[in-house]
Amino acid sequence: MAERTASLQQTIEELRKSQETVRALSAPALPVLPGVLVLPLIGAFDRRRVEDLNTVALHAVDQRRAKVVIFDVTGIALLDTSTTQALLQTAAAVRLLGAESWLVGLRAEVAQTIVTLGVDLRAFRAFASLEDALGVLVRNSDQRSAPAIHGAGAALNGNGRYN
């Protein structure tokens with residue numbers, strides 16, 4: 001009986017460690033250019049995943065001295081109000097650390113839902129794709145020899161250029 005209990009406890013501990021590893025990998029902060037991080041978001045977000053996202057994002061901004069954090073929501077089929085609010089809170093905390101938050105990969109149906117719900121996403125600079133956002137950074141980098149960021153109030157016109 002004691003041997004079976006010890007075996008079960010070891011299995012439970014291994015499962016717990018596996019779950020922690022999966023959680024840590026579910027919201028990575030990937031450096032893609034100097035001062036630029038991408039956080040690819042995939043799947044559904046519950047309270048715990050949102051907390052993990054916030055922790056990962058803030059830690060990465062602080063450690064890497066990031067100036068831009070790109071939240072890539074291409075892998076999220078449904079962006080509900082609570083997840084959107086959590087992203088806004090993370091964006092506010094990122095801004096307090098001196099970085100901008102960019103949002104890429106919104107699907108048409110998700111964008112429509114956000115507009116219908118009246119959610120204000122002005123905390124983010126929005127781009128259709130990660131490629132578009134990185135293109136802006138590379139062009140700005142070529143012009144200034146560093147990933148230059150236009151002011152937080154800058155807006156994109158319909159051609160993907162700043163007004």
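A single hydrophobic cluster is not seen to contain both Leu30 and Leu37; linkage of ILVMFWY side chains at heavy-atom distances under 4.5 Å, directly or through other members, places them apart.
A distance of 4.0 Å separates CD in Gln112 from OG1 in Thr116, rounded to the nearest 0.5 Å. How far CD of Gln89 is from CD of Gln85: 6.5 Å, rounded to the nearest 0.5 Å. Atoms OG1 and CD1, on Thr74 and Ile42 in that order, are 9.0 Å from each other to the nearest 0.5 Å. Rounding to the nearest 0.5 Å places CZ of Arg107 at 12.5 Å from CD1 of Ile114. Interatomic distance, OG of Ser7 versus CD1 of Ile12, reported as 10.0 Å (0.5 Å rounding). The CG atom of Leu106 sits 6.5 Å away from the CG atom of Leu79 when rounded to the nearest 0.5 Å.
Within the 4.5 Å cutoff, the side chain of Val38 has no heavy atoms near those of the Phe71 side chain. Within the 4.5 Å cutoff, the side chain of Val68 has heavy atoms near those of the Leu137 side chain. Under the 4.5 Å side-chain criterion, counting only non-hydrogen atoms from C-beta, Thr84 is in contact with Leu121.
Listed by chain and number, the residues in a side chain to side chain donor-acceptor pair (under 3.5 Å) with Gln10 are Glu14 (sequence neighbours excluded).
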Q: Test Leu87 against Leu41 for side chain to side chain contact (heavy atoms under 4.5 Å, CB included), laying out the working first.
A: CA-CA 11 Å; Leu87 284 173; Leu41 308 179; 3.7 Å; yes
Q. When you look at Leu58 and Leu97, which way does the side chain to side chain contact (heavy atoms under 4.5 Å, CB included) test go after all the steps?
A. CA-CA 8 Å; Leu58 297 180; Leu97 294 178; 3.8 Å; yes
Q.
Quick one, Val104 with Val73, criterion side chain to side chain contact (heavy atoms under 4.5 Å, CB included). Give me CA distance, side-chain angles, the key distance, then yes/no.
A. CA-CA 6 Å; Val104 302; Val73 297; over 6 Å; no
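Minimum heavy-atom separation, Pro28 to Val56: C-CG1, 4.2 Å. Pairing each heavy atom of Ala99 with each of Val69, the nearest pair is CB-CG2, 4.4 Å. When all heavy atoms of Val50 and Ala86 are compared, the closest pair comes out as CG1-CB, 3.0 Å. Across all non-hydrogen atoms, the minimal contact from Ile70 to Ala133 is CD1-CB, 4.2 Å. Of all heavy-atom pairs spanning Gly43 and Ile76, the tightest one is O-CG1, 3.7 Å. Shown here for Ala93 and Asn54, the closest heavy-atom pair between the two residues is CB-OD1, 4.4 Å.
For the side-chain hydrogen bond (donor to acceptor under 3.5 Å, both in side chains) with Asp62, the qualifying choice from Arg64, Arg65, His59 is Arg65, the only one to do so.
Ion pairing of Arg122 with Asp120 is present here, as a side-chain N (NZ or NE/NH1/NH2) and a carboxylate O approach within less than 4.0 Å.
Side-chain polar atoms of Asp80 and Thr83 form a donor-acceptor pair below 3.5 angstrom.
Residues Phe124 and Trp102 place their aromatic rings such that the two centres sit no closer than 6.0 Å.
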